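Only one structure is covered here, and it is reproduced in the block below.
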Amino acid sequence: MPYTGQQIAIEDREMLCSGLCAVIVSLPSEQWSASLDALAEPIISCLNVVMREADQVKGSEGTEGQPESNAAAVMNRLSNEICLLAAVVKQFIKADVSKNFTGEEKAKIIACHRSALVSLLHKSWPTLTHVGDKYCSNEVS
């Protein structure tokens, strides 16, 4: 949606996701994982679509009639989606979910929080790994 019609700036999208993460944290802990996945699903889906576009642009490099501006635009969109996903993860991590709990309840809340994050990262990892392997210009050892 942000790329059709009137565009929504990445900063505004990050702010919306931050607010939605605050709402998710206010839900019962058993609902965090499903709610966080639901929030991230459109981001991950868009990231996969843009990744396929980037693969097509990269595969047609050197082809006549393929302007470099197409590649730059696709890389910018790819970057924005990764930033948005990172904002969701960062905001959810920053939420102090265990401040009002002690003992066993605190351990349960922390486990639910960790489980929701791991689930989200597990779903996004294949795409992020592909992007890192294929488009990272600096090799890190």
Side-chain angles (χ1 to χ4, degrees), residues 1-63 65-141:
M1 232 170 76
Y3 301 109
T4 60
Q6 187 174 3
Q7 291 187 355
I8 301 172
I10 185 65
E11 295 82 11
D12 295 335
R13 293 176 69 204
E14 287 175 349
M15 187 64 68
L16 286 169
C17 284
S18 294
L20 291 171
C21 279
V23 170
I24 289 171
V25 169
S26 72
L27 296 171
S29 60
E30 298 80 26
Q31 296 178 9
W32 289 348
S33 187
S35 298
L36 191 61
D37 285 348
L39 173 61
E41 179 59 35
I43 300 167
I44 295 170
S45 179
C46 186
L47 188 56
N48 283 320
V49 168
V50 176
M51 182 187 66
R52 284 191 294 275
E53 288 177 24
D55 289 347
Q56 289 175 349
V57 168
K58 185 172 177 140
S60 63
E61 280 180 348
T63 304
Q66 191 66 260
E68 286 186 23
S69 62
N70 284 352
V74 171
M75 288 298 119
N76 187 43
R77 286 180 60 197
L78 195 58
S79 171
N80 284 345
E81 294 307 314
I82 291 171
C83 287
L84 190 57
L85 184 62
V88 169
V89 170
K90 180 180 174 184
Q91 189 63 37
F92 198 75
I93 287 172
K94 285 173 62 175
D96 189 6
V97 296
S98 63
K99 65 181 175 188
N100 296 325
F101 298 95
T102 59
E104 232 177 87
E105 288 179 347
K106 185 174 186 171
K108 179 186 172 219
I109 293 296
I110 290 171
C112 285
H113 190 250
R114 185 176 300 126
S115 176
L117 283 168
V118 168
S119 174
L120 172 59
L121 292 172
H122 180 73
K123 286 181 171 96
S124 61
W125 194 253
T127 303
L128 295 173
T129 302
H130 176 81
V131 169
D133 288 343
K134 195 154 187 176
Y135 301 106
C136 182
S137 60
N138 300 318
E139 190 172 316
V140 179
S141 55

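Nothing here was measured: the structure is a model prediction, and the numbers come from that model.
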Is the shortest heavy-atom distance from the side chain of [X] to the side chain of [Y] under 4.5 Å?
| X | Y | answer |
| --- | --- | --- |
| L47 | L84 | no |
| L85 | L128 | yes |
| E14 | C83 | yes |

_Quick test of your reading: applying side chain to side chain donor-acceptor pair (under 3.5 Å), list the pairs with at least one residue in residues 22-32, sequence neighbours left out, ordered by first then second residue._
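The answer is E30-K108.
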What's the separation between atom [atom1] in [X] and atom [atom2] in [Y], rounded to the nearest 0.5 Å?
| X | Y | atom1 | atom2 | answer |
| --- | --- | --- | --- | --- |
| E81 | S45 | CD | OG | 9.5 Å |
| I8 | M15 | CD1 | CE | 14.0 Å |
| I43 | T127 | CD1 | OG1 | 12.5 Å |
| L36 | H113 | CG | NE2 | 8.5 Å |
| L120 | S115 | CG | OG | 11.0 Å |

*asked:* Tell me if a side-chain donor or acceptor on N76 pairs with a main-chain N or O of A72 at a distance below 3.5 Å.
replied: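 Not a single qualifying donor-acceptor pair exists.
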*For L16, check side chain to side chain contact (heavy atoms under 4.5 Å, CB included) against everything at least two apart and list the hits.*
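Once residues adjacent in sequence are excluded, L16 has no partner under the side chain to side chain contact (heavy atoms under 4.5 Å, CB included) criterion.
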*Name all pairs fulfilling the salt bridge (Lys or Arg N to Asp or Glu O under 4.0 Å) condition that reach into residues 36-50, sequence neighbours left out, sorted by first residue then second.*
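Found D37-K123.
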*Write out all pairs satisfying salt bridge (Lys or Arg N to Asp or Glu O under 4.0 Å) with one or both partners inside residues 42-52, taking only residues at least two apart or from two chains.*
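Passing the test, one end in residues 42-52: no pairs.
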*Please name the pair of heavy atoms, one in L39 and one in C17, separated by the smallest distance, quoted to 0.1 Å.*
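Looks like CD2-O, 4.1 Å.
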*Which pair of non-hydrogen atoms, one from S124 and one from I44, has the smallest distance, and what is that distance?*
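Nearest heavy atoms, S124 then I44: CB-CD1, 3.9 Å.
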*asked:* Checking K134 now: which residues fulfil salt bridge (Lys or Arg N to Asp or Glu O under 4.0 Å) with it, not counting sequence neighbours?
replied: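 By the salt bridge (Lys or Arg N to Asp or Glu O under 4.0 Å) rule, K134 matches D55.
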*Taking side chain to side chain donor-acceptor pair (under 3.5 Å) as the test, write out the residues that go with E53, two or more places apart.*
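For E53 the side chain to side chain donor-acceptor pair (under 3.5 Å) partners, ignoring immediate neighbours, are R77.
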